Amino acid sequence: MIKLPQAFIEKFKILLKDQANDFFDSFQKEAVSAYRFNPLKNLSSFTENFKNDPVIPWNERFGRYGNVSGKSDAFLTGAVYSQDASAQFVGQVVDGQAGEKILDLAAAPGGKSTEIAASMHNKGLLVANEIDFKRAKILSQNIERSGICNTLVTNHSPEELLERLPGFFDKVLLDAPCSGEGMFRKDPDAIKYWNPEYNRQCAERQKEILRSTIPLLRDGGTLIYSTCTFSPEEDEQVISWILQNFPQMKLLPIQKFQGVQNGRPDWSDGNSELLKTARIWPHKTKAEGHFIAKLIKAADQEKFESRLSTPTVSLSRNRKNRKKSTVSLEKNELKLLSDFFDQAKIDTDLSTLAKFGDHVYSLPDFCPDLDKIKILRAGLEIGYFRKNIFYPSHALALSSLGEKFYPQLSLDDHQLIDYVHGDVIRIEKSDFKKGWILLKRNNNGLGWGRFSDGMIKNFYPKGLRTKIFKTEIL
Ligand code: SAM
């Protein structure tokens, strides 16, 4: 049984009045698990297995209630991502479009970034930034598994990003660090840190981050601010602070799906514009708590009005905007790459590839100058060179480009268990020639192997290897 702090109970009795008991009761109910299908993957094999899971009302196409194991093949191939229903609402409000430049400023572990990138269909640029290096590494792994190719994973503070990319983005999501009251059900340990002063400290930090966030947007760009807390200090009151201190910021309406409520002007300065913000309550929906606001950064009144009637999307996909690599590929490296792609019958434009150290990347559109940016992942890593041999990257195997590679082998259950464990796979009879093989499961790339003398040497990354049992696969 979850024990809420007395001061929290007193506060919400006053704020929620006759709804307070329903709200408190919701903490004693189990948190609702949910997941999201990844449209960058081949989903046809999964529709039958997952067909009975209920649809999330604000993400009817891809959002489902239910549990997906981190050891299932759906997870390992990146076809699904476990994510609360309420968090999926944020991605819907961001509504990433192909060709946009989007920043997810506080992105780890990557739930919202992977949803945004999927809706961009790998076109345009997503910068998924995380201040904490350890968390940024997890974010980078999740981006990789999801087969995302248009994303830079960066590790900067908001101030450092602003120094490097002022006015650069069409959209910025700040999924702010907060007091996490909306996650108490899932993570009761978080209750220990709660006190009224903590709400105020979080609000001060959110305002500090916003001071650097707003200038990262171009004129006419959109800011999406979200928290997973109920605290008005961190929600409506932060938005009132934005409206008072940044006159060019105006609230935009958010479509309120089934159960989603308006924000509460009476919990802040009474500005009725705050009705445009959205609150997800656990006693009103099948979801954890969340708050979302959407604001446009108007240059001046005239520009603001014209933006309201025209989409804010920049549809230019000018490849000239790509920054060339500072290190060019050498002749022998180009030959190794073209041999790899020709053998696999993949037609790819090698002139767009960039090299950092020994690693080759396909950079995303609009890629800024990377010299001064702390990067963990720069678009799609194609592979690396070692002693005059080209090794395809794990990211390539999981991407839509790698998926076209031949030869390929669809793993059965036993082979899957052996492969993710890091074991050699023995093949009784095959037409395979010595060389790389793409290993697949349910029509999605899972990793690389190298065939020679009747067996496939395992190239599944050591850090991802795991023991799974047959019952866990699906
Ligand atoms: N958007 C993520 C997702 O959907 O998976 C969750 C983000 S979590 C709510 C907030 C993130 O803010 C954390 O990863 C945390 O490391 C980061 N953070 C903490 N302090 C920060 C600061 N001062 N500036 C920017 N980010 C910060």
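We count ligands from 1, going down the list as the structure has it; atoms in each ligand are counted the same way. Keep in mind that what you see is a predicted model, and the values were worked out from it rather than measured. Heavy atoms only: backbone and side chains are in, while hydrogens, waters and symmetry mates are out.
Ion pair Glu236/Arg279 flagged as a salt bridge, since at least one NZ, NE, NH1 or NH2 atom sits closer than 4.0 Å to an Asp/Glu carboxylate oxygen. At a threshold of 4.0 Å, the pair Glu288-Lys186 does not count as salt-bridged, since none of the basic side-chain nitrogens sits closer than that to a carboxylate oxygen. A salt bridge links Asp73 and Arg441; the closest N-O separation between the charged side-chain nitrogens and carboxylate oxygens is under 4.0 Å.
Taking the six-membered ring for Trp, Phe50 and Tyr35 have ring centres closer than 6.0 Å. Aromatic ring centres of Phe23 and Phe12 lie closer together than 6.0 Å. Centroid-to-centroid, the aromatic rings of Tyr460 and Trp448 stay 6.0 Å apart or farther.
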(message) Let's go through His394 and Phe459 carefully: what are the C-alpha distance in whole Å and the side-chain angles of both, what is the deciding distance for ring pair (Phe, Tyr, Trp, His ring centres under 6.0 Å) to 0.1 Å, and is it a yes or a no?
(response) CA-CA 8 Å; His394 186 58; Phe459 278 79; over 10 Å; no

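Only the side chain of Glu130 comes within contact range of ligand 1, with a heavy atom under 4.0 Å; no backbone atom does. Counting heavy atoms under 4.0 Å from ligand 1, residue Arg205 touches it through the side chain alone. By the criterion of a heavy-atom distance under 4.0 Å, both the backbone and the side chain of Lys112 are placed next to ligand 1.
Comparing Cys202, Ala108, Ala136 against atom 6 (C) of ligand 1, the shortest heavy-atom distance belongs to Ala108.
Atom numbering of ligand 1 starts at 1 in the shown order; those under 4.0 Å from a heavy atom of Pro109 are 5 (O). Counting the atoms of ligand 1 from 1 in the order shown, those under 4.0 Å from a heavy atom of Ile131 are 18 (N), 21 (C), 22 (C), 24 (N), 26 (N), 27 (C). Numbered from 1 in the order shown, with element, the atoms of ligand 1 that lie under 4.0 Å from a heavy atom of Pro158 read 24 (N), 25 (C). Applying the 4.0 Å criterion to heavy atoms of Gly110 picks out, from ligand 1, the atoms 3 (C), 5 (O).
For atom 12 (O) of ligand 1, the closest heavy atom belonging to the protein is Ala106 CB, 3.4 Å. Closest to atom 22 (C) of ligand 1, if we only count protein heavy atoms, is Ile209 CD1, 3.5 Å.
With hydrogens and angles disregarded, no donor-acceptor distance shorter than 3.5 Å links the side chain of Asp187 to the backbone of Met183.
At least one N or O atom of Asp175 sits closer than 3.5 Å to an N or O atom of ligand 1. The distance criterion of under 3.5 Å between nitrogen or oxygen atoms is met by Gly111 with respect to ligand 1.
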